[in-house]
Structures are given as structure tokens and as C-alpha cells.
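For clarity, every value in this text was computed on a predicted model and none was experimentally measured.
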Amino acid sequence: MATSGEAPESWYLALLGFAEHFRTSSPPKIRLCVHCLQAVFQFKPPQRIEARTHLQLGSVLYHHTKNTELARSHLEKAWFISQQIPQFEDVKFEAASLLSELYCQQNLVDSAKPLLRKAIQISQQTPYWHCRLLFQLAQLHTLEKDLVSACDLLGVGAEYTRVVGSEYTRYCIMLLLMERKLGEVHPLLTLCGTIVENWQGNPIQKESLRVFFLVLQVTHYLDAGQVKSVKPCLKQLQQCIQTISTLHDDEILPSNPADLFHWLPKEHMCVLVYLVGYSYCNDFLLLLILMCFPVLDSSPILSTFQVILLEHIIMCRLVTGHKATALQELFCYDFLCCADHLPRHCCGLFQGLYCLSVNCMDNAEAQFTAALRLTTHQELWAFIVTNLASVYIREGNRDQELYNLLERINPDHNFPVSSHCLRAAAFYIRGLLSFFQGRYNEAKRFLRETLKMSNAEDLNRLTACSLVLLGHIFYVLGNHRESNNMVVPAMQLASKIPDMSVQLWSSALLKDLNKACGNTIDAHEAAQMHQNFSQQLLQDHIAACSLPEHNLISWTDGPPPVGQFQAQNGPSTSLASLL
């Protein structure tokens, strides 16, 4: 308790110091921190201290506890009181921003929107907060798929930053608008690239803008399935990250308050660059990147990065013949998706790919069908349909369903998406079907189209699959020389990836080819290779199917059965052990 001679600020500063000490302790002592802040109200403080303390309590409770109701109560009081106090913008708008975030977490979006609109309306004389609140409301509209409203708000922000002379934030907004207007992406890419290169400003901000622009450019090419075209942009992106990592954030601070933004923190930016740069790399490099996450702070965007990296790791594992490990990572992936409320169709897609790899065709069909029901993303829809078509081909008795699917992904006309690699995959599926139906000339036409497209953009796995299937066709037709010309490069490419299934297929064909041509030694070597690949894949298959996580193949709805797997398999399937 303060003595009568002490200034009112003395007790407040003492309690605040104790609260901060407890908050930053290792480990944090949040309960004691909250007690110190609550003690401030015993002194009947002035409105400014009362509002700030409500904000501090709300922030601590929101970020460090699960008591969201109490956090919400304090933030609502901070917002209400601060509106009555002149020249109190930081507390007022931070309370509004945090409270709207909490409303969204509680699915009270209809409460968050009017709150943000009011805060935006009264913050026009505070450039930093006005821009930040505009970004926040635009992000909320984006999450609701209301891109028209989001673009309208970004347009308002662009005009506002022009008026207050904030070139950097204006360019950030222009890049965001480019991300939303995909139909106009090519002219916008050219325009924004020129603007960013010609802008003379803060070095950190310029490099940050270049990274933002290049990330959008890279993801645009990758979404279009143009892997080869993306390589020059990737090189520029890696150079940018090397440059930005040598610059210090505190070297030059922007003089304009509206410029006090980074579109992404530097640490997160480095992870993002490696993520987009190695989206088709081997699983070892991806695991190295994933190991970076525990040393970075927890945030929604990092959770999204973790999920995307796990997607790539799982696909790498399935291709390289490590299904048992992929299954455990798939369990972690499903858990993360549900914990972060990410779309359920992604779980169905990757479970379907696992089912395909272990020849559980009924389960693969169920997973892909469930994923199709839930997705609204066109490229993802086309990818799932392509894989479902391969299930029907392998089952061999689903002609009507198969033809219905193939009509919807006809690569010769009206293909539903612009993705180069998905269209090439559609040609391959047509070639595979024609092969199984014995229509070899038609199969060759489709597979040559696949080869032409996959070679143009370095789609190595599609190239290897097309070569080995063409080799199989020539072998069936008795053209052993041409078959060998297809199978040998297929084997070399599959070894480089490495793709265990294509190597198994290629080695079987090489064994039969050399035997038919009387090359006894080469036939024996190919037979030995085939035996080795068969043993490795069989052992991995048995290991995967014996894991309790294998039961995921039957899970198509509701939360993942976490307790069941952890009880049977201990910590080996936990996210902590994966990291």
C-alpha cells in the first residue's frame, strides 16, 4: 500500500514492474503477473491507468491463458474507457485490434466487423493504426472468402497511404491487390516488378518489398505447374534473402508512421523463402527447415508453414518408399489441421495418397470422394479427380464412374484449370487407361503429349512414369529396341528422384527385355535390382500396415482419433518427437 506522501505513479510503477518481471520469468509466472495487475484497481486509479491496465490484463490473459471470457471482459472495458479519453490512441486502437481478434477466435465475426469499422473511422489522424486496422478488416473479409470487400478496403488503404505520403505501405497494398486479382496477374506482375525495382527508399523496406513480389511471382508459377519457369525467380528470391539477412532492422527507422510495417518478420520471411524454394526438394532438406520452427515464436502463419512443409514431407516419403514414416507424419498433419481449424479436405487428400501407396483402393476412393465433397479450390479439385481416376483404372470395374470423371478433366479441350502439370497428368491418366484397354496407339499419343509437357517444365516424375509406360507398350508390341530406349532413361530419372515404385517397374521391364534379347548378365543384374526394390517396398509396406496409425485410412469425418493412437504407440507419433 502506498504511503500518503508517495505520488500515485509510484505504486503503479512498482506493480507494473513486478508484473513484467513475472511475465518475463523463465518459465513465465502468469498467475502472479495477473495478481499484480489486478492490484492496480485497488488504488482506484485515474482513467488512463485504469484503461491501460485493462488492456494489459486482457492481453496477458488472451496470449498466455485459456480464460478468454475474462480476457474479453478486460479488453471491452479498455476499449470503452479509452474512447472517453482524448489523445489516448495507442491504448484505444490496440484494445480494438486485440478485441476483434478475440471475437474472431470465438466465432463472433459479426461483433468484430463493426468494432473494426468504428476503429477505422476514428483513426484517420493516426496513420499507423488506421492502416493496421484496414489490413485487419481486409484479412477478416479474405478469410470469409469475401474478396470484393477485401479489395475495396485495400483500395481505400492505397488511396489513404498516397495522401499521407507512405510509398512503402502503398506498394505493399498494391502487391496484396495483385494477389487477389489473379485474372490480371501477368500485366500486374510486370507493373509491380518495375515499381519495386525503381523505388528509392529504406533498404530493409525495399528488399522486403522485393521478397513479397518474388514470393507472389514464384507461387503464381508453381500454381500454374511451371516448375522450370520458376527457377530464375527462385534464384532472385534466394539472393534477396541473403541481402536482407545482412541488414539490421534498426539501421534506418522510417520517418512516416504509416511506413512502420513489415509484410512479414524477417525470420518468418526466411522460412517462407525456403518453403517455396524447396517445395519439390528431398525430405531431408524439408525436415531441416521444419526443425527451425521450435525456435521461432508461435503464430498462425507459422502453423500454416508447418502444415505446408508436412504436406511436402509426406509426399516425398511416399515417393521414396518410406510409407511407415509418412504415416506417422500424416497423423501429425491431421492433428495440426484439426487443431488450427484448417480445411478437412486436405486430410482426405493425403490419406487417399497413402491408401494408394499401400493398395487400399476402397479406402482411397472413400478418402478422395470425401475430399472432393469438401473442397471448393479448382486446382485441388482437379488434382483429387486425377488421383481418383487412377483408383478407378486400377480397380478395373468402374467404367461409368471413370468416364464421368475423365470428361471433367479432358486435357484436349475445356480443361478446368490453367495448371500446366495437372494438364500433363490428365494426359498421362488417359494414356494409362488406353494401355489397360489395349489401345496402344492411342496410349502412345497421350503419353507423348505428357512427355512434351513434362519435359518443357522439368516435371521429372511425370517424365519417368511416361517413359516407363511407353517402354511397357513397346515391349508388349515386340519392339524391344524402342522399349529399351524408353526404360533406361526412365530408370536413370527414377533413381535420381528417387522414386521406388518407378524403379521397381523399370527393373522388372529391364529384366524381361534383357532376357528376351538374350542378354543373360544384364537380365541377372536387373533381376537382382528388382528383388532388392521388392524387398525394400515389401518391408516398408508391412511396417506401415502394422502401425496403429494405419487405421487413419478409415477416418473420413470428425476429429482424428488422437487418444487411440497415442495410447497404443506412445510418443512416437507426437508432433514433439517429429520436430
Side-chain angles (χ1 to χ4, degrees), residues 10-43 49 52-78 90-91 94-95 97-99 101-106 249-250 262 264-271 287-307 309-310 328-329 331-333 335-342 559-560 562-563 565-567 569-579:
S10 302
W11 51 262
Y12 172 62
L13 292 174
L15 287 170
L16 198 61
F18 278 124
E20 183 63 10
H21 167 73
F22 290 132
R23 189 186 70 82
T24 56
S25 297
S26 182
K29 300 174 182 177
I30 299 303
R31 185 173 61 84
L32 294 174
C33 171
V34 169
H35 283 328
C36 290
L37 291 173
Q38 286 174 331
V40 170
F41 300 123
Q42 301 297 320
F43 292 86
I49 291 178
R52 190 179 293 279
T53 305
H54 278 303
L55 172 61
Q56 291 164 331
L57 271 166
S59 179
V60 168
L61 290 166
Y62 176 59
H63 288 115
H64 298 282
T65 76
K66 295 181 179 179
N67 196 343
T68 52
E69 287 302 320
L70 187 56
R72 175 179 159 184
S73 172
H74 281 295
L75 290 172
E76 286 174 340
K77 288 174 183 174
D90 279 355
V91 169
E94 187 175 345
S97 176
L98 202 54
L99 182 56
E101 192 178 313
L102 191 151
Y103 281 151
C104 290
Q105 190 185 81
Q106 295 182 322
D249 293 337
D250 55 355
H262 278 311
L264 201 63
K266 188 196 296 184
E267 296 80 7
H268 298 188
M269 215 182 291
C270 293
V271 174
L287 275 173
L288 284 179
I289 302 164
L290 190 59
M291 287 168 64
C292 298
F293 285 106
V295 301
L296 298 173
D297 58 290
S298 175
S299 71
I301 195 166
L302 285 180
S303 297
T304 304
F305 287 173
Q306 281 183 308
V307 167
L309 281 169
L310 275 172
Q328 293 182 320
E329 289 157 349
F331 173 77
C332 295
Y333 173 80
F335 180 78
L336 273 176
C337 282
C338 291
D340 293 330
H341 307 290
L342 295 172
V562 176
F565 297 145
Q566 286 185 333
N569 209 41
S572 66
T573 57
S574 71
L575 184 61
S577 68
L578 171 64
L579 297 176

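When the side chain to side chain contact (heavy atoms under 4.5 Å, CB included) test is applied to T65, the partners found at least two apart in sequence or on another chain are I30, L61, N67. In this structure Q56 satisfies the side chain to side chain contact (heavy atoms under 4.5 Å, CB included) test together with Y12, L16, L37, R52, T53, sequence neighbours excluded. By the ring pair (Phe, Tyr, Trp, His ring centres under 6.0 Å) test, F41 is found to be paired with H54, residues two or more places apart in sequence or in another chain being considered. Remark: H63 engages S59, L98 in a side chain to side chain contact (heavy atoms under 4.5 Å, CB included) (not counting sequence neighbours).
Residue pairs meeting the salt bridge (charged side-chain N to carboxylate O under 4.0 Å, His left out) criterion with at least one partner in residues 62-73, sequence neighbours excluded, are R72-E76. Annotation: salt bridge (charged side-chain N to carboxylate O under 4.0 Å, His left out) contacts involving residues 11-29, sequence neighbours excluded, comprise E20-R23.
Note: C36 SG to L57 CG = 10.5 Å, rounded to the nearest 0.5 Å. Note: F335 CZ to L310 CG = 12.5 Å, rounded to the nearest 0.5 Å.
Counting heavy atoms from C-beta on, the side chains of L15 and F43 come closer than 4.5 Å. Side-chain contact between Q105 and Y62 is present, with at least one heavy-atom pair separated by less than 4.5 Å.
The two atoms that bring V307 and Y333 nearest to each other are CG1-CE1, 3.3 Å, heavy atoms only. Shown here for L75 and A95, the closest heavy-atom pair between the two residues is O-CB, 4.3 Å.
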